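Here the structure is laid out as structure tokens; the discussion comes afterwards.
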2 protein chains.
Amino acid sequence: MLRLSKRVEYGLMAVLHMDQADEGAWTTAAELAATYQIPAELLGKVLQALGRAGILKSAHGAKGGYQLARPMDELVLCDVLEAIEGPFRLVRCQEEPHSCDQYEVCSIREPVLDIQQQLLEYLGGFELKAFRLKKRKINKRQENLCTTN
Amino acid sequence: MLRLSKRVEYGLMAVLHMDQADEGAWTTAAELAATYQIPAELLGKVLQALGRAGILKSAHGAKGGYQLARPMDELVLCDVLEAIEGPFRLVRCQEEPHSCDQYEVCSIREPVLDIQQQLLEYLGGFELKAFRLKKRKINKRQENLCTTN
DNA sequence: ATCAATCCCGACCTTTTTTGTCCTAATTTC
DNA sequence: GAAATTAGGACAAAAAAGGTCGGGATTGAT
């Protein structure tokens with residue numbers, strides 16, 4: 001269905017939240033869960049995945065929590081996506097050929113892989129800093145209106 | 001998981017097959033199912049969906065079957081995708097706001113919708129005729145090699 | 001040293017989605 | 001009328017996603 005998973009949504013909210021937190025502050029999973037009404041254990045796993053991927057730093061113990069390992073400006077949608085769901089694949093046959101009953105007779109594998117490749121590059125263009133800017137978006141709309149007129 | 005569904009894969013194979021069939025010939029679901037080892041009833045539904053979307057024409061009865069309603073050159077990936085799965089949506093909250101527990105506190109809705117919009121336009125650029133051309137793809141690879149060197 | 005807050009992570013359950021099957025029409029050709 | 005075919009509803013099975021639970025490890029505070 002080509003839909004963003006809840007886990008990716010949670011991850012995006014978390015990253016955005018930490019971007020807007022005070023410099024050097026630690027955000028806890030519980031705090032995020034409460035703020036965004038996300039099941040805490042599930043959010044925990046998402047944050048762990050982001051940690052393993054090097055997007056977040058984590059600190060154990062009381063006064064611990066998470067913070068961005070790098071500024072959000074250096075992140076793109078795809079980073080969060082792949083951190084949480086693993087490598088982006090439009091089809092499964094790439095890694096598990098025998099999981100597909102049509103593998104031997106498939107007529108679309110190559111072109112689809114081609115598309116996957118292009119899409120992956122395109123996804124690399126969505127910068128997370130765009131999630132920050134509400135004002136610029138309004139400007140953008142006005143620009144669009146102008147070009148449409 | 002952002003993966004193409006089996007049904008879309010089947011739809012693509014079917015369209016490609018009919019593109020390569022003789023002009024005006026009718027292809028039956030059973031024939032396609034046998035050729036590509038696809039469960040016949042399921043393929044049937046996919047073809048029906050493509051029919052409803054105006055991508056295929058169908059003919060009942062013996063000697064019936066399916067054929068392209070328009071040349072494949074005029075089709076893009078997105079046409080098949082949306083014919084089979086309905087409108088492309090990265091998130092569900094657009095059509096069913098109350099299906100999302102985070103709706104009221106969501107911090108990413110607008111930017112995600114923005115991305116969805118861009119992605120949709122980008123998907124409109126994948127022409128199905130690219131599925132036909134194996135030779136051009138080889139040339140393309142060589143070009144890439146040249147520019148990389 | 002203990003305790004509470006916190007991250008880590010595996011096991012598991014539940015719900016939703018996807019995939020596949022079955023069966024019964026309706027339509028067309030012969 | 002019989003055979004081949006599309007149309008489509010109902011449902012079962014499998015897979016994926018979403019969510020819960022519980023135990024362990026680490027850290028800071030008392």
Side-chain angles (χ1 to χ4, degrees), chain A residues 1-11 13-14 18 25-34 36-53 55-67 69 81 83-86 89 91-92 96 99-102, chain B residues 1-11 13-14 18 25-34 36-53 55-67 69 81 83-86 89-93 96 99-102:
Chain A
M1 203 24 148
L2 243 41
R3 178 174 286 151
L4 246 42
S5 70
K6 275 298 190 185
R7 300 169 76 241
V8 169
E9 292 180 25
Y10 298 160
M13 290 192 228
M18 291 178 212
W26 295 95
T27 306
T28 70
E31 179 189 338
L32 282 171
Y36 298 104
Q37 301 178 20
I38 300 171
E41 298 90 346
L42 184 51
L43 177 61
K45 306 233 159 134
V46 171
L47 297 171
Q48 287 157 32
L50 292 172
R52 279 189 294 266
I55 292 173
L56 299 182
K57 278 186 296 193
S58 67
H60 281 224
K63 302 268 177 152
Y66 299 89
Q67 61 184 201
L81 201 89
I84 294 174
E85 308 201 320
R89 301 267 186 260
V91 286
R92 166 180 301 186
E96 303 171 50
S99 75
C100 176
D101 295 341
Q102 290 80 38
Chain B
M1 204 20 150
L2 244 40
R3 180 174 284 152
L4 247 41
S5 70
K6 275 299 189 184
R7 300 169 76 240
V8 168
E9 292 180 24
Y10 299 160
M13 290 192 228
M18 290 179 213
W26 295 96
T27 307
T28 70
E31 180 188 337
L32 282 170
Y36 299 104
Q37 302 177 19
I38 300 170
E41 298 89 346
L42 184 51
L43 178 60
K45 309 240 156 124
V46 171
L47 297 171
Q48 286 160 32
L50 292 172
R52 280 189 294 266
I55 292 174
L56 299 182
K57 278 185 296 193
S58 67
H60 281 225
K63 300 271 177 149
Y66 299 88
Q67 61 185 199
L81 202 90
I84 294 174
E85 307 201 321
R89 301 266 185 260
L90 229 31
V91 286
R92 167 179 301 187
C93 56
E96 302 171 52
S99 74
C100 177
D101 294 341
Q102 291 79 37

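All values reported here derive from a predicted model rather than from experimental measurement.
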### Task
Output yes when at least one side-chain N/O atom of B:Tyr10 is less than 4.0 Å from OP1 or OP2 of C:dT18, else no.
no
What does the list of N/O pairs under 3.5 Å between the protein and nucleotides 3-6 of chain C look like, with a distance for each?
from: C:dA5; atom 1: N3; to: A:Ala62; atom 2: N; distance (Å): 3.4

### Message
Whole angstroms only, please: what is the CG-C1' distance between A:Leu2 and C:dT18?
### Response
14 Å
### Task
To the nearest 0.5 Å, tell me how far B:Lys45 NZ sits from B:Arg7 CZ.
8.5 Å
### Message
As a test of understanding, state which of A:Lys57, A:Gln48, A:Glu31 forms a side chain to side chain contact (heavy atoms under 4.5 Å, CB included) with A:Tyr66.
### Response
A:Gln48
### Task
For B:Glu41 and D:dT5, give me the distance from atom CD to atom P, rounded to whole Å.
15 Å
### Task
Using atom CD1 of A:Ile84 as one end and atom P of D:dG19 as the other, report the distance to the nearest whole Å.
14 Å
### Task
Looking only at side-chain atoms of A:Gln48, point me to the closest of C:dG20, D:dG19, C:dC9.
C:dC9
### Query
In whole angstrom, what separates B:Leu42's CG from D:dC11's P?
19 Å
### Message
Nearest 0.5 angstrom please: B:Met18 CE to B:Leu32 CG, how far?
### Response
5.0 Å
### Between C:dG20 (P) and B:Arg7 (CZ): distance, integer Å
10 Å
### Query
At their closest point, which heavy atom of B:Ala83 faces which heavy atom of B:Leu50, and how far apart are they?
CB-CD2, 3.9 Å
### Query
When the distance from CG of B:Leu43 to P of D:dT5 is rounded to whole Å, what number comes out?
14 Å
#### Entry: Non-hydrogen atoms of A:Ile84 and A:Gly11 that approach each other most closely
CD1-CA, 4.0 Å
### Task
Using a 4.0 Å heavy-atom cut-off across all strands, classify A:Arg52 as base, sugar-phosphate, or nothing.
sugar-phosphate
### Task
For residues A:Asp101 and B:Gln37, report the shortest heavy-atom separation together with the two atoms involved.
O-OE1, 3.3 Å
### Query
Please give, in whole Å, the distance from D:dT6 C1' to B:Glu31 CD?
15 Å
#### Entry: Non-hydrogen atoms of B:Gln102 and A:Tyr36 that approach each other most closely
CG-O, 3.0 Å
#### Entry: Nucleotide nearest A:Lys6 when distance is taken to its side chain, options D:dA10, C:dT19, D:dG18
D:dG18
### Summary
Rounded to whole Å, the NZ-P distance (B:Lys45 to C:dT19) equals 13 Å
